[in-house]
Amino acid sequence: MELSGLYQKALNKEFLTVEEGVFLFERAPLAELSYVADELRKKQVPHGKVTWQIDRNVNTTNVCIANCKFCNFYRVPGHPDAYITDIDTYKRKIEETFRWGGDQLLLQGGHHPQLGLGFYTGLFRELKQLYPALKLHTLGPPEVAHICKLEKMSHRDVLMALREAGMDSLPGAGAEILVDRVRRLISKGKCGAQEWLDIMHEAHQQWITTSATMMFGHVETIAERFEHLVKIRDVQAQKPADAKGFLAFIPWTFQDVDTLLTRIRGVHNLTTPEEYIRMIAMSRIMLPNVKNIQASWLTVGKQTAQLCLHAGANDFGSIMLEENVVSAAGAPHRFTSRSIQQAIREAGFEPQLRNQQYEFRELPSLMEEQTINY
């Protein structure tokens with residue numbers, strides 16, 4: 001293998017192997033790698049703007065039996081802090097979201113042993129009846145897998161029921177690293193790698209739009225990161241021709257503050273800014289069939305995320321009017337609707353508000369700027 005040949009292969013939007021990806025990640029000068037990724041970004045997202053979103057991460061429940069070793073958010077059943085969000089709380093949070101310019105809830109929670117399909121379909125229908133304009137970006141493959149197990153139903157039937165009840169799109173949550181060796185160490189209670197992929201494949205067969213994520217910087221090897229990318233790419237290649245499939249890929253770094261993975265196993269996030277930028281560039285290079293690559297400002301901060309916009313990323317994600325899970329493990333960064341646009345401009349790009357389908361939105365003429373207090 002030699003760098004120039006792999007650069008050309010990448011610029012031709014050919015599929016690189018795991019070994020070729022690792023070779024580039026480890027040996028390519030960062031400036032050259034960023035250049036190749038940036039050229040691909042210009043081809044795939046020719047409008048040249050950096051998109052961003054206003055939505056709110058609301059948790060259905062914090063009760064979870066998955067026992068992920070990187071999560072400080074969950075509570076076991078019966079814990080005094082356990083909750084299931086009530087409808088009055090949803091109403092208050094949705095109306096605040098609209099007031100702050102948002103159009104969507106990212107609605108996720110834990111693997112509650114008593115909340116089956118009827119709970120979620122009933123909740124989605126009630127929220128849509130109360131707020132017909134609200135978009136629901138809901139659950140994730142591990143939660144879908146959990147519901148399937150509780151109900152003894154197929155992925156197909158559960159996804160169909162959720163979609164009919166009001167699910168607009170399926171987040172890429174719970175991917176972590178899609179290699180079972182890693183999953184056994186950090187998230188043994190969640191679905192395995194293949195089931196995560198199978199659920200996304202089925203979602204695409206039903207024309208449900210999805211996203212994909214990767215949490216790295218813990219116990220995985222470099223090669224396992226690239227196995228993850230190839231698996232995402234392969235599922236995307238199998239979608240119906242007229243389906244969007246994975247709209248975006250979002251790599252983010254393990255947050256290690258007071259997690260079991262850190263306290264018991266001594267695992268720390270040692271990812272440097274350069275390494276994160278390399279992973280963004282390699283995400284663009286390895287995933288030529290996924291249009292949007294998002295920089296995770298929440299976990300790496302403003303300056304690193306800005307540099308990623310010159311290394312293949314074209315999206316800054318949501319300002320997240322509320323976020324409880326990653327923040328509970330130490331992610332300290334925050335944006336408002338004004339400050340995220342300013343950050344994009346500082347990086348040399350034009351900010352463009354979008355919805356979950358990556359369609360452009362006009363900034364609402366009447367909207368309040370959120371006061372950050374969490």
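The aromatic ring centroids of Phe246 and His204 lie less than 6.0 Å from each other. His310 has its ring centre no less than 6.0 Å from the ring centre of Tyr35. Taking the ring centroids of Tyr83 and His112, they lie at or beyond the 6.0 Å cut-off.
Glu274 has a carboxylate O that lies under 4.0 Å from a charged side-chain N of Arg278, or vice versa, which qualifies the two as a salt bridge. For the pair Asp81 and Arg75, the salt-bridge criterion is met [side-chain N within less than 4.0 Å of a carboxylate O]. The existence of a salt bridge linking Arg92 and Glu96 is confirmed by a sub-4.0 Å separation between a basic side-chain nitrogen and an acidic carboxylate oxygen. Salt-bridge check for Arg225 with Glu275: passed, with a basic side-chain N closer than 4.0 Å to an acidic carboxylate O. In summary, Asp180 and Arg184 do not engage in a salt bridge, as defined by a charged side-chain N under 4.0 Å from a carboxylate O. Between Asp38 and Arg41, at least one side-chain N (NZ, or NE/NH1/NH2) sits under 4.0 Å from a carboxylate O, which counts as a salt bridge.
Residues Asn292 and Asp315 bring no donor and acceptor atom of their side chains to less than 3.5 Å of each other.
Checked against His155 for a side chain to side chain donor-acceptor pair (under 3.5 Å), the options Glu195, Glu202, His201 give a single hit: Glu195.
Heavy-atom neighbours of Arg181 CZ from other residues, nucleotides or ligands within 6.0 Å: above the threshold of 12. Environment of CD in Gln114: sparse, with no more than 12 heavy atoms of neighbouring residues, nucleotides or ligands closer than 6.0 Å. No more than 12 heavy atoms of other residues, nucleotides or ligands lie within 6.0 Å of CZ in Arg156, so this atom counts as exposed by the packing criterion.
The side-chain heavy atoms of Leu139 and Ile147, taken from C-beta on, include a pair separated by under 4.5 Å. In this structure, the side chains of Asp86 and Thr89 come closer than 4.5 Å at one or more pairs of heavy atoms.
Ring planes of Phe98 and Tyr131: perpendicular class, angle over 60° (limits at 30 and 60°).
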